[in-house]
Amino acid sequence: RRCVQETGVHGEKLFLWSTHDIVILTLFQNLGLSSHDCIERVYLQNSTEDCLTFPPYASNLIVELHSEINQQGNEEYFVKVFYNNDQLNFCDGTIVRDKSFIGCPLDKFISTVQSHVVPNYKEECLVDDDNNVKGPDDNSLKVWLMIFIITLLILIAFSIYIIFKLRRKISKLSEAKVLGQDTVGI
């Protein structure tokens, strides 16, 4: 939506990101072009299903926003998605080999990806307005400190118990040797 609102002299014309293959695979799944089940069938059952699987090295995914004036004189927006030079039709989840495919309406693109967008990533990722990671609040720090102290006390108590039991056993063994008894049962 920002691209549509900011087109013009100062609006961005190109957004470029670099990412890992697993993120591209996640984008395929979000666009309905792949799924865990499909990938499983392709790799484990040697299916010839036409779904997108793990991208090869140096793959690219291009999302283009286009506009066109319709017959009523209104500007309509549509989205084209290309993967390694193949156009993808996420409207019906197919790979389009025909370059004349016009694309999917922008509204369809937004509705397809909207359910996968985190509504408030700053809250979810615990970052402030400058994208700096927020530290823990005082209450959570107190809780973790209490858990640490209790765990430490339990470990100390257990160590004292073990030391007490070992000393007792050593003292019984020493008594048995002094008295010349057999120490097998002790």
Side-chain angles (χ1 to χ4, degrees), residues 1-140:
R1 289 194 190 270
R2 193 173 101 205
C3 290
V4 172
Q5 294 166 349
E6 295 179 5
T7 54
V9 177
H10 298 290
E12 290 94 347
K13 301 292 184 189
L14 173 71
F15 295 92
L16 184 64
W17 291 277
S18 176
T19 189
H20 294 281
D21 55 353
I22 195 68
V23 176
I24 292 176
L25 183 61
T26 303
L27 288 171
F28 292 158
Q29 291 176 345
N30 290 344
L31 291 172
L33 298 166
S34 187
S35 68
H36 172 75
D37 295 332
C38 180
I39 293 170
E40 186 176 297
R41 285 190 297 272
V42 168
Y43 283 106
L44 298 179
Q45 300 168 4
N46 296 325
S47 170
T48 58
E49 207 168 332
D50 196 13
C51 68
L52 298 170
T53 57
F54 292 99
Y57 183 73
S59 290
N60 64 78
L61 182 69
I62 300 169
V63 180
E64 296 179 348
L65 177 64
H66 294 264
S67 66
E68 193 173 85
I69 304 297
N70 64 13
Q71 293 174 345
Q72 291 81 21
N74 298 326
E75 193 170 25
E76 291 182 338
Y77 293 94
F78 56 95
V79 176
K80 289 184 177 183
V81 178
F82 296 90
Y83 169 62
N84 292 341
N85 209 28
D86 285 331
Q87 189 169 354
L88 307 176
N89 180 356
F90 60 88
C91 285
D92 65 8
T94 60
I95 299 172
V96 180
R97 307 289 184 212
D98 179 14
K99 301 297 183 206
S100 65
F101 177 65
I102 192 169
C104 291
L106 178 61
D107 293 336
K108 172 68 176 171
F109 177 77
I110 291 171
S111 67
T112 301
V113 298
Q114 192 67 39
S115 64
H116 304 287
V117 174
V118 177
N120 188 349
Y121 83 92
K122 289 182 180 185
E123 183 180 309
E124 292 289 327
C125 297
L126 297 174
V127 295
D128 61 16
D129 289 335
D130 297 325
N131 287 331
N132 298 318
V133 177
K134 293 180 184 178
D137 61 354
D138 288 340
N139 290 333
S140 66

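- Between the side chains of Glu68 and His66, not a single donor N or O lies within less than 3.5 Å of an accepting N or O.
- Distance CD1/Ile69 to CG/Asn74: 8.0 Å, rounded to 0.5 Å.
- Around atom CD of Gln71, no more than 12 heavy atoms belonging to other residues, nucleotides or ligands sit under 6.0 Å away.
- Between Ser59 and Tyr83 the shortest heavy-atom distance is OG-OH, 3.7 Å.
- A pairwise comparison of heavy atoms in Ser35 and Gln29 identifies C-NE2, 3.9 Å as the closest pair.
- Atoms CZ and NZ, on Phe82 and Lys80 in that order, are 5.0 Å from each other to the nearest 0.5 Å.
- Shown here for Asn85 and Asn60, the closest heavy-atom pair between the two residues is N-OD1, 4.5 Å.
- In terms of heavy atoms, Asn70 sits closest to Glu76 at ND2-OE2, 3.1 Å.
- Atom-to-atom distance recorded for Ser34:OG and Ile24:CD1 is 12.5 Å, nearest 0.5 angstrom.
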Practice prompt. Let me see the working for Phe109 and Val63 under side chain to side chain contact (heavy atoms under 4.5 Å, CB included), right down to the final yes or no.
Written response: CA-CA 10 Å; Phe109 177 77; Val63 180; 4.2 Å; yes
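- Counting heavy atoms from C-beta on, the side chains of Leu61 and Pro55 never come closer than 4.5 Å.
- The distance from atom CG of Asp86 to atom CD1 of Ile62, rounded to the nearest 0.5 Å, is 11.0 Å.
- Atom CG of Asp107 and atom CD of Gln114 lie 11.0 Å apart (nearest 0.5 Å).
- In this structure, Phe28 CZ and Ile39 CD1 are separated by 9.5 Å, a value rounded to the nearest 0.5 Å.
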